[in-house]
Number of protein chains: 2
Amino acid sequence: MQLSEDTVNRLQTCQLFKKLDKKDVYKLLEQILFRKKSYNPEQYIVYSDDPCNDLIILISGSIRGEMNDFSGKKIKIEDIKSPSTLASAFIFGPENRFPVDIITNEKSEVIIIPRNSLIRMFSNNSQILKNFLDSISGRAQFLTKKIRFLTFKTIREKIAQYLIQLSIKQGSNRIILPYTQTKLADLFGVTRPSLARTFSEMEKEGIIKSDRNKIEIIKKNKLVYLLNE
Amino acid sequence: MQLSEDTVNRLQTCQLFKKLDKKDVYKLLEQILFRKKSYNPEQYIVYSDDPCNDLIILISGSIRGEMNDFSGKKIKIEDIKSPSTLASAFIFGPENRFPVDIITNEKSEVIIIPRNSLIRMFSNNSQILKNFLDSISGRAQFLTKKIRFLTFKTIREKIAQYLIQLSIKQGSNRIILPYTQTKLADLFGVTRPSLARTFSEMEKEGIIKSDRNKIEIIKKNKLVYLLNE
DNA sequence: GTTATATTGTAACATATGTTACACTTTTCT
DNA sequence: AGAAAAGTGTAACATATGTTACAATATAAC
């Protein structure tokens with residue numbers, strides 16, 4: 001496939017090509033086969049358990065990873081914006097399957113690099129191998145955090161950890177929740193009324209003050225305490 | 001450190017050195033620095049969140065990975081026997097931390113290879129790079145399975161999946177549970193009395209027949225149904 | 001074989017979450 | 001601006017699990 005300036009620019013911003021200059025990116029890409037694909041919003045890029053033989057690089061738009069739990073309810077694993085590599089940790093091995101459904105949130109474009117081409121790239125440039133290994137460890141850390149989150153027993157714990165995380169990220173005790181309650185409930189794997197109830201209880205106990213998607217943390221030490229009891 | 005015949009034999013049985021003959025293993029190991037360490041039973045090899053800069057290869061004995069949930073209860077993630085590599089997916093990246101406590105079940109020995117030595121090995125032999133990438137994808141699949149298991153809402157679902165898995169593994173509907181109820185409860189992240197109660201209920205409903213660690217699956221279709229409702 | 005320890009079975013009660021329903025408020029669309 | 005759709009708040013009731021306790025049984029140690 002024909003290499004466009006635009007594609008190379010986009011790929012170069014991707015962590016996989018970090019520390020490589022444009023000439024090197026060009027050279028690497030000329031030596032391999034890859035495809036480009038476009039998607040409309042709410043389209044499935046891959047289905048959970050499909051064979052995973054290619055590296056998928058999201059070069060524009062955004063996607064979300066979702067897992068169906070066994071009662072059929074969707075659990076959103078994460079939203080990912082471009083530029084990003086998808087499912088990088090899953091490509092190798094004899095039992096390589098996509099771990100989640102990947103669905104576009106908006107119009108999106110991906111570059112698909114077959115496994116063998118990827119291996120050839122590693123042989124030709126050790127920086128890209130290092131970048132790839134870095135990204136895999138990042139994903140492993142993410143999966144572990146997800147596991148740790150899922151070990152929370154109560155909705156209260158989940159909210160506590162989430163609010164603390166958001167306050168660090170937003171640099172304030174006044175937080176704007178980035179999702180509707182319904183979406184947040186999906187993320188937490190709980191029901192929306194139960195989530196609302198727990199927020200309400202925490203407000204009654206003076207831990208937070210809440211008004212729809214605006215939350216103020218009043219007793220931060222109590223939130224931290226909830227994480228360690 | 002001095003290379004012993006025994007060490008090389010042991011390492012060679014490890015998946016990381018698969019398809020390499022002994023001469024190649026010798027050559028690779030001669031070019032890097034590594035350490036050997038011994039542990040008694042119930043010793044901590046590493047603690048969760050410690051920096052993870054080395055590849056640890058278990059060459060004898062067995063270990064378990066454990067995660068503390070936020071009520072202080074231990075969740076056992078898995079038992080691992082030798083020969084195995086530990087935490088291979090976590091070594092790279094800027095935020096590389098061990099994801100779990102690693103504790104010996106019995107007398108054990110490990111080989112520790114620093115990250116830089118590992119990278120040198122990858123440059124010198126592409127088969128070992130391929131083996132390493134295979135093992136990382138295997139670990140990612142494992143972590144995803146763990147996440148999927150943790151999305152089970154009820155003890156009943158967890159038992160159903162576990163029994164089906166065991167019956168496949170043991171090739172029979174008459175199963176011997178490999179753990180005590182207490183250990184199994186730790187693995188499932190639930191309390192022992194609740195686990196026992198659910199087993200008892202499933203027996204009362206005629207789904208299984210149980211006598212301590214001996215379980216017979218009576219209505220397998222009902223078990224499968226529990227996984228899909 | 002006997003004793004000590006660990007494991008299992010079970011019950012009563014407490015707690016957290018799910019389910020269903022509906023009213024109210026906010027946002028989106030025309 | 002008005003209507004429709006989406007999001008939020010809350011209540012009553014049902015369900016699953018946790019907690020605590022203790023008796024019975026099995027296993028390990030001497």
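Chain A is the first sequence line, chain B the second, and so forth, proteins listed ahead of strands; every chain is numbered from 1.
Residue A:T182 places none of its side-chain N or O atoms closer than 4.0 Å to OP1 or OP2 of D:dA6. For D:dA6, the OP1/OP2 oxygens have no side-chain nitrogen or oxygen of A:Q181 closer than 4.0 Å. For A:S194, a side-chain nitrogen or oxygen approaches OP1 or OP2 of C:dG18 to under 4.0 Å. Using a 4.0 Å cut-off, no side-chain N or O of A:T198 falls inside it from OP1 or OP2 of C:dA16.
B:Y44 and B:Y47 have parallel rings, their planes meeting at less than 30° on a 0 to 90° scale where 60° marks the start of perpendicular. Ring pair B:F149/B:F188 is tilted by interplanar angle, where 30° to 60° counts as tilted.
What separates CG of B:N213 from C1' of D:dT27 is a distance of 12 Å, to the nearest Å. Summarising the geometry, the separation between CZ on A:F199 and P on D:dT10 is reported as 13 Å, rounded to the nearest angstrom. Between the CZ atom of A:F188 and the C1' atom of C:dG18 there is a distance of 17 Å, rounded to whole Å. In this structure, A:K214 atom NZ and D:dT8 atom C1' are separated by 12 Å, rounded to whole Å. Summarising the geometry, the separation between CZ on B:R192 and C1' on D:dT25 is reported as 12 Å, rounded to the nearest angstrom. The CD atom of A:E205 sits 13 Å away from the C1' atom of C:dT15 (whole-angstrom rounding). What separates CG of B:L195 from C1' of C:dA11 is a distance of 17 Å, to the nearest Å. Following rounding to the nearest Å, B:E201 (CD) and D:dA16 (C1') show an atom-to-atom distance of 9 Å.
With C:dT8, C:dT19, D:dT17 as the candidates, the nucleotide lying closest to the side chain of A:R197 is C:dT19. Comparing D:dG18, D:dT10, C:dT17 by their closest approach to the side chain of B:I155 singles out D:dG18. Side-chain proximity of B:P193 to C:dT25, D:dA21, C:dT19: nearest is D:dA21.
The heavy-atom pair separating B:V25 from B:V8 by the smallest distance is CG1-CG1, 4.0 Å.
Under the 4.5 Å side-chain criterion, counting only non-hydrogen atoms from C-beta, B:K158 is not in contact with B:L187.
In this structure, A:K220 places its NZ atom where more than 12 heavy-atom neighbours from other residues, nucleotides or ligands lie under 6.0 Å away.
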